[in-house]
Amino acid sequence: MIYLIVDDHFLVRMSMRLVLEDLYPHSIVHEAEDFEHAMSHLQNHQYDLILLDIDIPGGVGTSMIARIREHQQLVPILVCSAADEQFNALEYVSAGANGYLPKTAEKSETVRAIQTVMRKNRYVSEAVQERLLNAVVFQKQARKRPTGIKSLSVREREIAELLITGKWVKEIASLLDIQSNTVSTYKARIFEKLGVDNIIELAEKIKAR
């Protein structure tokens, strides 16, 4: 088993080497302190895992993933970075990395991440997984929400109908025995929900239902 650590910090490379050698005894670990050095290694060796920092000399963001894949298409790539994982993890995994590990991770999480990508699976932290789950739930809930006329409450529909008959805010307030500013609030809410800017557009929306 041959591994490549790509990081411009000696202490990081040393700590990652110790984790790999402890996890996989008798393994061979190569190091590169910049991206071009890493590419040179890739041309001469076939790797079983690459640990890649995203902020290294010669490296340009997610394009590094594509360049690595040009030489070794199937090698597992675990990005190890101090950059905020909430903003970067999904971007790099989407670009083709097998996982994203924050440098603040404990040894147990580091081992879990390495083992996960070595099995050709994807790895992101629990915090990123939760963000993904919340996004999925939000999208499903958004799809279930009523849209258009159906999104209006009974009172909003009542006021919308009165508005398109030409009634003024004060007239509607008198008819429904409510305050004028309450009618104005309802009117603004109706316009926002239906995406209209005036009574003519509102009338067209109501008639088209």
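What you see is a predicted model, and the numbers here were worked out from it, not measured in a lab. Numbering of residues begins at 1 and proceeds along the displayed sequence.
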- line: dist Lys170:NZ -> Ser184:OG (nearest 0.5 Å) comes out at 10.0 Å

statement: Rounded to the nearest 0.5 angstrom, the CE-CD1 distance for Met1 and Ile28 is 11.0 Å

- request: Output, in order, the C-alpha distance, side-chain angles, deciding distance and verdict of side chain to side chain contact (heavy atoms under 4.5 Å, CB included) for Arg112 and Thr116.
  value: CA-CA 6 Å; Arg112 184 165 61 253; Thr116 298; 4.2 Å; yes

message: Holding to salt bridge (charged side-chain N to carboxylate O under 4.0 Å, His left out), I want the full list of residues that pass it with Glu109, two or more places apart in sequence or in another chain.
response: none

Close side-chain approach of Glu33 to Pro57, heavy-atom, < 4.5 Å: no

query: Can you check side chain to side chain contact (heavy atoms under 4.5 Å, CB included) on Leu194 and Leu152, steps first, answer last?
result: CA-CA 9 Å; Leu194 300 185; Leu152 301 182; 4.1 Å; yes

task: Identify the heavy atoms of Ile68 and Ile50 that sit nearest to each other, and give their distance.
output: CG2-CD1, 3.7 Å

statement: d(Gln179 CD, Ser174 OG) to nearest 0.5 Å is 11.5 Å

task: Give the ring-plane orientation class for His41 versus Tyr47, where under 30° counts as parallel, over 60° as perpendicular and anything between as tilted.
output: perpendicular

- line: d(Glu204 CD, Ile199 CD1) to nearest 0.5 Å is 12.0 Å

- line: Residue pairs passing the salt bridge (charged side-chain N to carboxylate O under 4.0 Å, His left out) test with at least one member in residues 40-58, sequence neighbours excluded, are Asp53-Lys103

- request: Please list, chain by chain and in numerical order, all residues satisfying ring pair (Phe, Tyr, Trp, His ring centres under 6.0 Å) with Tyr3, sequence neighbours excluded.
  value: Tyr24

task: Without swapping roles, check the side chain of Thr110 against the backbone of Glu106 for a donor-acceptor pair under 3.5 Å.
output: yes

message: Closer than 3.5 angstrom, by distance alone: can the side chain of Asp177 be matched with the main-chain N or O of Ala173 as a donor-acceptor pair?
response: no

field: CA sep, side-chain torsions, deciding dist, call: Glu192, Arg189, salt bridge (charged side-chain N to carboxylate O under 4.0 Å, His left out)
entry: CA-CA 5 Å; Glu192 181 181 356; Arg189 193 180 302 162; over 6 Å; no

task: Begin with the C-alpha distance, continue with both residues' side-chain angles, and end with the deciding distance and a verdict on side chain to side chain contact (heavy atoms under 4.5 Å, CB included) for Glu156 and Lys193.
output: CA-CA 10 Å; Glu156 287 168 346; Lys193 285 186 175 182; 3.0 Å; yes

- prompt: Going only through I, L, V, M, F, W and Y residues with side-chain contacts under 4.5 Å, is there a path from Ile2 to Val75?
  reply: yes

field: Non-hydrogen atoms of Thr165 and Leu162 that approach each other most closely
entry: OG1-O, 2.6 Å

statement: Heavy-atom nearest pair, Val196 first then Glu201, reads CA-OE1, 3.3 Å

- prompt: If you round to the nearest 0.5 Å, how far is CG of Asn44 from NE2 of His30?
  reply: 9.5 Å

message: Please determine whether side chain to side chain contact (heavy atoms under 4.5 Å, CB included) holds for the pair Ile114 and Leu101, giving the CA-CA distance in whole Å, both sets of side-chain angles, and the decisive distance to 0.1 Å.
response: CA-CA 9 Å; Ile114 290 172; Leu101 179 73; 5.8 Å; no

query: Taking the side chain as C-beta and beyond, is there a heavy-atom pair between Arg155 and Ile159 under 4.5 Å?
result: yes

- line: Taking every heavy atom of Ile65 against every heavy atom of Gly96, the minimum-distance pair comes out as CG2-C, 3.7 Å

query: Backbone N or O of His45 within a donor-acceptor pair of the Gln72 side chain at under 3.5 Å?
result: yes

query: With a 4.5 Å limit on heavy-atom distance, are the side chains of Leu4 and Val6 in contact?
result: yes

field: Atom of Gly61, atom of Tyr92 and distance for their closest heavy-atom approach
entry: CA-OH, 3.2 Å

message: Any non-hydrogen side-chain atom of Tyr123 less than 4.5 Å from a side-chain atom of Asn98?
response: no

message: Show every salt bridge (charged side-chain N to carboxylate O under 4.0 Å, His left out) that has at least one partner inside residues 37-47, sequence neighbours left out.
response: none

query: Among all residues two or more places apart in sequence or in another chain, which pass the salt bridge (charged side-chain N to carboxylate O under 4.0 Å, His left out) test with Glu21?
result: Arg17

- request: Determine, using the 4.5 Å side-chain heavy-atom cutoff (strictly less than), whether Ile172 and Trp168 are members of one ILVMFWY cluster.
  value: no

query: Honestly curious: do Val29 and Leu18 fall in one hydrophobic cluster under the side-chain, below-4.5 Å linking rule?
result: no

Nearest non-hydrogen partners of Ala113 and Leu78, listed with the distance: CB-CD2, 4.0 Å

message: As an exercise, state the distance from OH of Tyr100 to CG of Asn88, rounded to the nearest 0.5 Å.
response: 4.0 Å

query: Salt bridge between Arg13 and Asp8, side-chain N to carboxylate O under 4.0 Å?
result: no

- request: Output every pair passing salt bridge (charged side-chain N to carboxylate O under 4.0 Å, His left out) with a member in residues 60-83, not counting sequence neighbours, ordered by first then second residue.
  value: Glu36-Arg67

